[in-house]
Amino acid sequence: MILEIKNLHASVEGKEILKGLNLSLPAGEIHAIMGPNGSGKSTFGNVIAGREGYKVTAGEVFFKGKDILDLSVEERACEGVFLAFQYPVEIPGVNNTYFLRAGLNAQRKYQGLPPLDGAEFLRLVREKLKVLELKDDLLKRSVNAGFSGGEKKRNEIFQMAVLEPTLAILDETDSGLDIDALQAVAKGVNALRDERRAMLVITHYQRLLDYIVPDRVHVLADGVIARSGGPELALELEQKGYTWLGESG
Amino acid sequence: MSALPLSELIQQPVLAGKQEPLWLSQQRLQAAKYLQASGLPAEGSENWRYSSLRRLQTKLLEQPTELHLTEPQLLASAGLQATDNRMVFANGIYQAHLSLVPAGLRISNLNSQLHTAELESLMQTVPTATDCGFSWLNTTAFNDGLFIHLDAGQVLEAPLHFIQLGGGNSLINSRHIISLGEAAKLTLIEQFIEATEMPPTQGLFNCQTDVHLAKSARLDWSRVQALGASAVLVDRVNCWLGENSHLHSSQLDCGGLWVRHDVDVALNEPGAFVEVNGVLMLRGRQHCDVHTKIVHAAINCTSRETFKCIADDRSRGVFNGKILVQPGADGTDSAQRSDNLLLSEHARIDTKPDLEILTDDVVASHGATVGQLDEDALFYIRSRGIDSPAAKKLLMRAFYQQVVELIAEPRAQEAFTAKLDQIFEHTGKSV
């Protein structure tokens with residue numbers, strides 16, 4: 001099991017957002033987390049990534065069998081947790097390549113691996129760029145600075161491709177994307193899909209799931225998983241809307 | 001030689017120079033008279049409100065002492081190659097044996113020019129405002145300085161390094177004059193530093209640099225001030241810009257215990273362009289007060305300013321940016337930015353954009369921010385595996401990098417980043 005969440009309660013600024021969430025994500029699978037606005041989807045992603053200010057008040061989170069709730073943000077990243085941000089942060093003055101290499105080498109150090117030198121790193125990123133059909137100039141630019149919405153999301157997927165996490169959480173990566181960008185994102189995700197990894201795709205809409213077909217779909221409502229099912233659940237939600245959930249319980 | 005408190009030195013200023021031309025002796029006497037009458041800027045002075053001189057008055061100072069410096073020591077301290085053009089002053093005393101001046105150009109120490117008509121015509125008259133104490137002290141007592149006078153069309157391709165070294169508790173008064181004739185070009189890399197294996201600077205540097213740019217002249221000037229933690233520096237720069245001349249100045253202040261740095265630029269003729277950028281990197285109990293004053297006195301002139309201040313521990317930074325657009329200075333284009341980063345709850349930054357616009361046809365923008373490191377950005381960086389101290393450094397570097405990137409000359413960029421990286425290792429521990 002890559003991720004095992006038991007009875008997770010979490011609050012932000014004293015307000016309880018997650019109210020007893022349970023989830024099991026086996027290796028090799030992609031699960032979608034869907035839900036209406038305000039249901040706790042983004043809080044969930046941030047809690048797993050370890051963001052400060054998101055307080056876990058009860059429950060357990062096991063990553064590859066290890067309790068990660070006491071680990072810092074960077075330690076979780078080094079263990080193999082990756083969060084693709086809903087709103088990637090612009091960092092003017094920090095070169096994308098420098099940033100990514102610093103991240104990758106920090107993770108390698110944590111894992112007891114030697115750092116990649118400039119040439120090795122460049123070979124790796126060029127290869128990933130090619131797979132994702134991204135332009136070289138991405139490397140020279142400041143992290144997300146002046147990027148369009150689509151470029152920012154592609155950059156998230158590019159970072160994911162380079163860091164090769166065991167668990168990737170995609171927080172509404174599809175929001176605000178045109179169809180080309182959506183396909184590019186899906187391509188990146190599908191390229192990383194294998195038996196050793198797992199992914200959580202957090203989304204409001206079913207659209208992304210046409211391109212990234214999930215093994216399971218969970219519906220998050222009011223801080224708990226209200227319903228789980230196969231990919232067909234997403235289609236049902238698309239047709240009936242989230243209010244239908246309330247009616248059926 | 002005995003050391004005296006600054007307050008006494010001001011009452012009995014040592015008049016430097018014995019075989020000087022009459023006009024200079026007269027200037028010195030006049031300045032001494034003003035100094036005795038009005039002293040150093042008083043507490044109430046608006047221009048000095050952020051920088052109290054009270055503790056300086058009792059500072060014990062002595063006449064400039066020689067620092068016996070070898071060439072390898074100089075090269076190592078300033079990061080220079082043996083073949084680099086350079087003018088070197090140690091405690092304000094010209095070091096001819098350490099300097100290397102390109103042939104055929106009038107680049108020398110000021111004392112060797114005392115009896116020239118050029119020096120007399122370039123020397124400013126003694127200011128009369130009541131808060132010019134340090135200028136008067138400088139005029140009264142300056143013992144030497146840098147003198148550059150390029151004729152029309154003269155271009156120095158390689159940068160000239162201008163090194164001012166300090167050590168001990170001397171009172172150092174230096175006067176520097178840079179004059180570029182029509183279409184002349186110069187790249188100047190100035191460094192205020194301490195030499196390795198020399199005593200730390202505990203004295204007071206009181207420097208004044210006057211810059212005159214004739215029509216279409218261009219000066220690219222970067223200045224790295226990295227004096228030791230006990231040094232006191234008062235550094236005043238006056239610039240007069242002629243038609244279509246161009247001044248690009250980048251200032252780094254990261255040294256000294258107490259620093260006052262003034263940059264005054266007069267855009268006197270049409271089409272003049274000035275860009276003044278600065279980084280203040282402060283920690284411990286450092287105090288650094290930067291005042292810039294840009295006067296648009298002619299049509300179609302442009303001014304650009306970007307200042308970044310990072311204050312850690314209990315340090316204090318000040319940026320006061322005055323822009324004055326005079327009546328008739330139509331077509332003025334002026335932009336000023338002051339961004340500030342507080343790394344500790346005990347640090348303090350005062351930023352004051354001060355625009356006075358007395359004509360209509362003007363494009364003028366200004367903006368100031370004071371903030372802390374962006375929590376969202378820190379989380380983002382850490383979520384990629386980079387630990388918290390490294391993430392903070394990455395953000396701080398990004399903060400000042402914008403100014404570094406505006407420096408055109410690679411060697412000057414190098415001098416900037418080398419110094420910043422060096423102090424960087426010790427900054428931000430409290431955040």
Side-chain angles (χ1 to χ4, degrees), chain A residues 45-54 71-96 98-111 113 115 142-145 152 155-156 158-160 162-165 167-169 171, chain B residues 250 252 277-281 306-310 335 337-341 343 367-369 371-407 410 413 416-417 420-421 424-425 427-428 431:
Chain A
N46 281 308
V47 166
I48 305 303
R51 182 166 201 159
E52 279 149 22
Y54 290 74
L71 298 185
S72 66
V73 179
E74 54 268 31
E75 284 168 332
R76 294 184 201 195
C78 291
E79 288 282 344
V81 176
F82 178 90
L83 176 66
F85 281 52
Q86 183 180 2
Y87 304 108
V89 182
E90 296 196 14
I91 316 177
V94 176
N95 172 282
N96 224 357
Y98 181 89
F99 172 59
L100 200 47
R101 190 173 154 210
L104 181 64
N105 279 338
Q107 297 198 12
R108 288 178 65 90
K109 189 178 174 189
Y110 183 90
Q111 292 149 7
L113 297 168
S142 287
V143 179
N144 296 324
K152 284 180 183 168
N155 197 23
E156 293 293 287
F158 170 59
Q159 291 177 25
M160 181 183 82
V162 172
L163 297 173
E164 299 188 333
L167 169 66
I169 305 164
D171 188 4
Chain B
S250 302
L252 168 63
N277 302 318
V279 175
L280 281 71
M281 177 79 112
T306 306
F307 272 81
K308 305 260 184 185
C309 177
I310 302 180
R337 270 219 71 79
S338 160
D339 293 313
N340 303 281
L341 194 54
L343 298 184
T369 59
Q372 290 153 343
L373 288 174
D374 181 5
E375 287 297 329
D376 288 341
L378 279 175
F379 173 57
Y380 187 70
I381 295 168
R382 290 173 66 200
S383 79
R384 301 308 184 238
I386 298 164
D387 67 24
S388 185
K392 284 170 182 165
K393 282 184 181 175
L394 204 61
L395 282 184
M396 283 191 274
R397 192 172 270 135
F399 182 75
Y400 65 67
Q401 194 60 27
Q402 202 189 336
V403 167
V404 175
E405 280 168 5
L406 292 170
I407 303 172
Q413 261 204 20
F416 250 68
T417 35
L420 281 166
D421 284 349
F424 214 46
E425 296 308 312
T427 306
V431 291

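In what follows, chains are A, B, ... by sequence order, proteins preceding strands, each numbered from 1.
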Considering only heavy atoms, which portion of [X] lies under 4.5 Å from any heavy atom of chain B: side chain, backbone, both, or neither?
X: A:Leu163; value: side chain
X: A:Tyr98; value: side chain
X: A:Pro165; value: neither
X: A:Gln159; value: side chain

Inset, instruction - Could you check if a side-chain atom of A:Arg51 sits within less than 4.5 angstrom of a side-chain atom of B:Asp376, using non-hydrogen atoms only? - result: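 A side-chain contact exists here, since the closest heavy-atom pair is under 4.5 Å.
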Inset, instruction - Determine whether A:Val89 and B:Phe379 make a side-chain contact, defined as any pair of heavy atoms from C-beta on separated by less than 4.5 Å. - result: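 Result no, sub-4.5 Å side-chain heavy-atom pair not found.
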Inset, instruction - Would you mind checking if B:Arg382 and A:Glu75 are paired as a salt bridge, meaning a charged N to carboxylate O distance below 4.0 Å? - result: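 No.
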Legend entry - Residues, nucleotides or ligands: over 12 heavy atoms within 6.0 Å of B:Gln372 CD: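 No - once you tally the heavy atoms of other residues, nucleotides and ligands closer than 6.0 Å, there are 12 at most.
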Inset, instruction - Verify the neighbour count for atom OH of A:Tyr110: are there more than 12 heavy atoms of other residues, nucleotides or ligands below 6.0 Å? - result: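 More than 12 within 6.0 Å, yes.
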Inset, instruction - Measure B:Leu395 against the heavy atoms of chain A and call it side chain, backbone, both or neither at under 4.5 Å. - result: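 Only the side chain of B:Leu395 comes within 4.5 Å of chain A.
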Legend entry - Main-chain N/O of B:Ser388 paired to A:Glu74 side chain as donor or acceptor, under 3.5 Å: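 The answer is yes, because a donor-acceptor pair under 3.5 Å joins these two groups.
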Legend entry - Option in A:Gln107, A:Glu79, A:Arg76, A:Lys109 with maximal non-hydrogen atom pairs under 4.5 Å from chain B: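 Top option by heavy-atom pairs under 4.5 Å: A:Gln107.
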Legend entry - OG on A:Ser142 to CD on B:Glu405, rounded to 0.5 Å: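 Those atoms lie 7.0 Å apart.
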Inset, instruction - Indicate the ring-plane relationship of B:Tyr380 and A:Phe99, choosing parallel, tilted or perpendicular according to the 30° and 60° boundaries. - result: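 The rings of B:Tyr380 and A:Phe99 lie parallel, inter-plane angle below 30°.
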Inset, instruction - Name the member of B:Leu378, B:Asp374, B:Asp387 that forms the most heavy-atom pairs with chain A at distances under 4.5 Å. - result: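 That would be B:Asp387.
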